[in-house]
Amino acid sequence: MQYDHKGIEGKWQDEWRRRGTYRVSNDPSKPKYYVLDMFPYPSGAGLHVGHPLGYIASDIVARYKRLCGFNVLHPMGYDSFGLPAEQYAIQTGQHPAKTTEENTARYRQQLDAIGFSFDWERQVFTSDPSYYKWTQWIFLQLFDSWYDAKADKARPISELIACFEKDGSTGQDTSVLTGDIEEFVGGFSADEWNGFHEGTKQLILGHFRLAYRSEAWVNWCPALGTVLANDEVKDGVSERGGHPVERKRMPQWSMRITAYAQRLLDGLDALDWSDSIKEAQRNWIGRSEGATVRFPLGDDFIEVFTTRPDTLFGVSFITLAPEHVLVGKFTTADHKAEVMAYVEKAKNRSERERQAEVDKVSGVFTGSYAKHPFTGAEVPVWVGDYVLAGYGTGAVMAVPGGDQRDWRFAKHFGLPIIAVTEGADVDKEADERKDATISSEGFLKGLKVPQAITRAIQELEKLGAGEGRINFRLRDAAFGRQRYWGEPIPIYYKDEIPYALPESELPLKLPEVDKFLPTEDGEPPLARATNWNYQGHPLETTTMPGWAGSSWYFLRYMDPHNAERFASPEAINYWQQIDLYLGGSEHATGHLLYFRFWTKFLHDRGWIPFDEPAKKLVNQGMIQGVSRTAYVYKLSWAMIATTAASYSGPTIPLNAAPTVLVPEEVYLAMKEGTLTEQQSDRLHEIEREATRLVKDQLPGHAGRLFVPGVEGGAVAFPMNVDIDLVDEKGVLDIGRFKSWRAENATTLTWDDSPYVCVPFVEKMSKSKFNVVNPDDIISKYGADTLRLYEMFLGPLEQSKPWDTNGIEGTFRFLRKFWNLFFSGDGVASTHGVDLPTVTNDPPTKAELKVLHATLKKVSEDIEKMSFNTSVAQFMIAVNELGALKCHKRDILEPMTIALAPFAPHIAEELWEKLGHAESITTAAWPKFDPQYLVEDNFSYPISFNGKTRLQLEFPIALGKEEVEAAVLANPEVQAKLEGKAPKKVIVVPKRIVNIVV
RNA sequence: GCCCGGGUGGUGGAAUGGUAGACACGAGGGACUUAAAAUCCCUUGGUCCGCAAGGGCCGUGUGGGUUCAAGUCCCACCCCGGGCACCA
């Protein structure tokens, strides 16, 4: 009987669905295990072979844990709000809900074909009102909360109001400086508070709420009509769509994640996450200790943050960010025009741009001088775009002697450079050493840096000119989006003051609009909706960002259909944290930080009993594509006579110009200008040939032709060719290449030999024509083979290129495994089932050893998530059992269970054929028994000075001395020693013998 | 510049400080077959000596070091990938 993957896989996928094999109940009688994959965004392109990598790994763990007796939650759903669907909607007029539904249907089909054990009854969509009702509800909880720095947790805003009513306020706690330049809220008494207008009260409360509206610097993208988060902007353009982005200050809903900065940092220590992710989060949070220093200027002052208050005596100027609120005030009349022009230019450049141009120093003097708090010296105030508005106070005290950026600025503008440390050569560069001794004049002179820092802070505090301060790089998260396809924010405005929509009004459903574009006057798309108001009060028109729905979805899976609560306390108490979370490392600082933030918040408010969402996190590596390059020469033979600019003769479009495929060495020679005479001759020959061809197509033209877009002196250029047009060896199918794209319709080759496209590894992407579709693999080899092969490719965490050629190995393995049950010699059948080969004979010692070695290795490897080595072990086992001609039930049955997590379909089929009525998923994981692995003898490698020379077998029971004696007595060893006495003999039992001579 | 990974055959990769290259692909040879497919067997890091059996030397990015023994540990450096960044 042949292994028929198609029949088996189709049968079991249907059967599992019919039986509800993967349905999970919240069963408190069993220990739980929660395995979660990161939420996929259902893109229109469907899955490629890289996507399921993590899902296969998590599915193996889920199935393994289930066999080990755990109640396993392994759900899947979709992060189905998002910009691509909206952009597609704008282009085509189709409702994003429709395309999203189509895309998720396609994803589902592809996922089902791989045979995952997801409980689809728990599937969630972030765009489903029954889901986003609770996203909105959480938003309202955030709006209704403030962060109590003393208790170090979020509390209901009503408790803050009670404090104000009773004791008033002394203003904001300033011991921690967050990334945003927040407006200072002064203190007030209880009487004053009670006398405030409603509007004033709400305004003040807004400074404390965890979800709040304020003026904030945002990345405004005019083309999308929306604001983007920092991590959604790449290289000054929107990550999705590639539109330009500019910095703009506008009213914006924000999340006070900065309140959690320290806890987000501290929490990392206890998490079993990869070091690189933890490190990325630490860098993102960016805690630094230092001091704020106030430099008086007239009746005001400039506050700076510095990590090096020890260098205060080296301050020779102050630089403000162009966006700094005080720039206008401190600029003197005679400098106004120049400063304003500079500010205008600088602040409209993206942050990325400003940071990228390290060499270009720019800045302008304001005309003002601040007073040095220690020396009283006049310190000039400059504006420079190397200072960022969003970090610290948006102003720096410049110490060119101790900071390279300040040094460069000082050099450029001829400002004084004061040496601050002993041994510094400030003519060459700043001295940034943190173990130096301070040398600048003043009371810090002679102190080491750390002592000087402490002393400087003491002096600042004594003078009231500053204080020790902790600064975080982390900024509050922009939460509003000027777009349609997201959760509406449940806020309405009464007299311009935001109020929470009552819970009973949730979900606030996304309204229908005529167009998915911003309105003519720049309002978000929701402003197009009719009756977009609550009891006559206008509703908020921005929507939530992508990360809102994905910040709490792991909780919804626990109780996905609950209409009364986001999830019941029983379900939450049972499932608790995610035991294993799998996903790509690109989410290191976006999703994973917000996800932790919301979890901590929900914990603070008593909704959930834990404050970290995922105990263990594993990042799967990327599966890269292997692209194929052809070197294409588009003829511009006009170049011979003329240049592009001066040519005025007939032209043909680039698309119509013949394509010449040149071999790599010719391409390189063209590029280097090292064409041999032969190659040159051949090139001219082809050019003549191509000219003839084109002239036939364009009758009436005489002489040379010019192809616009191809400059004179053109060389060939590399071009990605669809990997479908190329065979395993890289040979291009010229016929199909010609019909692949119109511009290649006329293609000439260098010679008659097959044209080989050079392979190279890069990201797998539709645009690079290197996508391998899992559906194709499955139809040829089956899902079980695909699953095994993806795991076999290499360590899960590492990136590796996909090479379909290697898949034969895992396919052969499955066939060999199958053939252990069906070798076809017609041996007695068991249980009357169609299993001609399987016998009930008692297994031999050798067979038991193979089985238990495999069980041991595979169990350990799954725990370590080392799946490539477990697949290798299965292959070894099958090869050995094949050699032993083992067809025994007592061996094959446990082997089948062990294989089931990796290749569930074939395992299920064989399990059934072995006579079991229940699914193999209900079996018990076979425990390995060390007694079968005990060896009597060990073959010792005998090495001389560490180099292995021969093998000698001794009983394991033999002691060190006995082994040594036996080794030295051996004639071969004696021969090697040539009569000399060894200096030393090292015997490591069951390992090695090393003879030092 | 900083932080995190990683450099091992033609390829993907394996290796608690203890026989480097498991397993698989590819390649070469053979068996079966009219043939092909499928399957099975053998060889396969480099190099040198030998008719052969067999043996020598080199070999895990580079250079040092620790050790009886180093892919693995330490120091310095080079290269590749990813992340962060005029972060005060």
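Everything numeric in this text was worked out from a predicted model, so none of it was measured. As a basis for the values below, the full set of heavy atoms in this structure was taken, side chains included, without hydrogen atoms, waters or symmetry mates. The sequence lines fix the lettering, A, B, ..., with proteins before strands; numbering per chain opens at 1.
With C1' as the reference atom, B:U8 and B:C58 are 15 Å apart, rounded to whole Å. Using P as the reference atom, B:G71 and B:A15 are 15 Å apart when rounded to the nearest Å. For the C1' atom pair drawn from B:U33 and B:C40, the interatomic distance equals 13 Å after rounding to whole Å. Comparing B:G54 with B:U62, their P atoms sit 32 Å apart, to the nearest whole Å. Taking atom C1' in both B:A69 and B:A31, one finds a spacing of 44 Å when rounded to whole Å. Of the P atoms belonging to B:G30 and B:C48, the separation is 25 Å, rounded to the nearest Å. A gap of 22 Å separates the P atoms of B:C73 and B:A22, to the nearest Å. Taking atom C1' in both B:A76 and B:U66, the straight-line distance is 15 Å, to the nearest Å.
Judged by distance alone with a 3.5 Å cut-off, no donor-acceptor contact links the side chain of A:Asn283 to the base of B:C84.
Under the Watson-Crick or G-U wobble criterion, with both distances below 3.5 Å, B:U60 is left unpaired in every strand shown. Of all nucleotides present, only B:C25 satisfies the Watson-Crick or G-U wobble test against B:G10, with each distance under 3.5 Å. Checking B:G50 for Watson-Crick or G-U wobble geometry (two distances, each under 3.5 Å) identifies no partner in any strand. Of all nucleotides present, only B:C4 satisfies the Watson-Crick or G-U wobble test against B:G81, with each distance under 3.5 Å. B:U34 makes up no base pair with any nucleotide shown, lacking Watson-Crick or G-U wobble contacts both under 3.5 Å. Base pairing annotation: B:C68 forms a Watson-Crick or G-U wobble pair with B:G18, both donor-acceptor distances under 3.5 Å.
Across B:U19, B:C4, B:A88, the shortest atom-to-atom separation from the side chain of A:Glu279 is found for B:C4. Looking at the side chain of A:Ala872, the nearest of the listed nucleotides B:C87, B:C23, B:G18 is B:C23. Closest contact between the side chain of A:Lys984 and the listed nucleotides B:C25, B:C87, B:C68 involves B:C68. Checking B:U19, B:A88, B:G13 against every side-chain atom of A:Asn868, the shortest atom distance belongs to B:G13. Taking every side-chain heavy atom of A:Leu793 into account, B:G12 is the closest of B:A14, B:U19, B:G12. Closest approach to the A:Leu388 side chain among B:A24, B:A69, B:A88 is made by B:A88 (side chain taken as heavy atoms from C-beta onward). Here B:G13 is the nucleotide among B:A85, B:G13, B:A88 with the atom lying nearest to any side-chain atom of A:Lys800. Here B:A88 is the nucleotide among B:C68, B:A88, B:G83 with the atom lying nearest to any side-chain atom of A:Tyr391. For A:Arg949, the listed nucleotide lying nearest its side chain is B:G56; candidates were B:A85, B:G56, B:G6.
Heavy atoms of A:Gln951 sit under 4.0 angstrom from at least one base atom. Residue A:Val996 is classed as a sugar-phosphate contact, given heavy-atom separations below 4.0 Å to backbone atoms only. Residue contacts for A:Asp406: at a heavy-atom cut-off of 4.0 Å it reaches no nucleic acid atom on any strand shown. No contact: A:Lys983 has no heavy atom under 4.0 Å from any strand. Residue-level contact check: A:Arg282 touches neither bases nor backbone, having no heavy atom under 4.0 Å from any strand. Here A:Lys816 lies in heavy-atom contact (under 4.0 Å) with sugar-phosphate atoms only. Nucleic acid contact for A:Arg287: none, since no nucleic acid atom lies under 4.0 Å from a heavy atom of the residue.
Below 30°, between 30° and 60°, or above 60°: for A:Trp382 and A:Phe317 the angle between ring planes is above 60°, a perpendicular geometry. Note: A:Phe938 and A:Tyr940 have perpendicular aromatic rings, judged against thresholds of 30 and 60 degrees for the angle between ring planes.
Under 4.0 Å is where a charged nitrogen must lie from a carboxylate oxygen, and between A:Lys849 and A:Glu935 at least one such pair does. Comment: A:Glu860 does not engage A:Lys864 in a salt bridge, judged by the lack of any side-chain N to carboxylate O separation of less than 4.0 angstrom.
Nucleotides of RNA chain B nearest to A:Ser288 and A:Arg815 differ in position, and the one nearer the 5' end is that of A:Arg815. With the nearest nucleotide of RNA chain B identified for both A:Met875 and A:Ser276, A:Ser276 has the one nearer the 5' end.
A donor-acceptor pair is defined here as one N or O able to donate and one able to accept, closer than 3.5 Å; such a pair exists between the side chain of A:His887 and the backbone of A:Leu820. The closest donor-acceptor contact from the side chain of A:Asn868 to the backbone of A:Met791 lies at 3.5 Å or more, if one exists at all.
Atom-to-atom, CZ of A:Phe874 to C1' of B:A24 comes out at 16 Å; the value is rounded to the nearest Å. At whole-Å resolution of the value, CD1 in A:Ile623 and C1' in B:U11 are 16 Å apart. Rounded to whole Å, atom C1' of B:A14 lies 9 Å from atom CD1 of A:Ile876. When the P atom of B:G83 is taken as reference, atom CG of A:Leu593 falls 17 Å away, rounded to whole Å. Rounded to a whole Å, the CG atom of A:Asp431 is 16 Å from the P atom of B:A88.
By the salt bridge (Lys or Arg N to Asp or Glu O under 4.0 Å) test, A:Glu289 is found to be paired with A:Arg287, residues two or more places apart in sequence or in another chain being considered.
Under 4.0 angstrom from either OP1 or OP2 of B:C40 there lies no side-chain N or O belonging to A:Arg812. Between A:Asn619 and B:G5 there is no side-chain polar atom (N or O) within less than 4.0 angstrom of OP1 or OP2. Look at A:Lys947 and you'll find a side-chain N or O under 4.0 angstrom from OP1 or OP2 of B:C58.
Look at B:G61: its glycosidic torsion is beyond 90° from 0, and that puts it in the anti range.
The CH2 atom of A:Trp802 sits 6.0 Å away from the CG atom of A:Leu793 when rounded to the nearest 0.5 Å. Taken from CD1 in A:Ile438 to CG in A:Leu312, the straight-line distance is 10.0 Å, to the nearest 0.5 Å.
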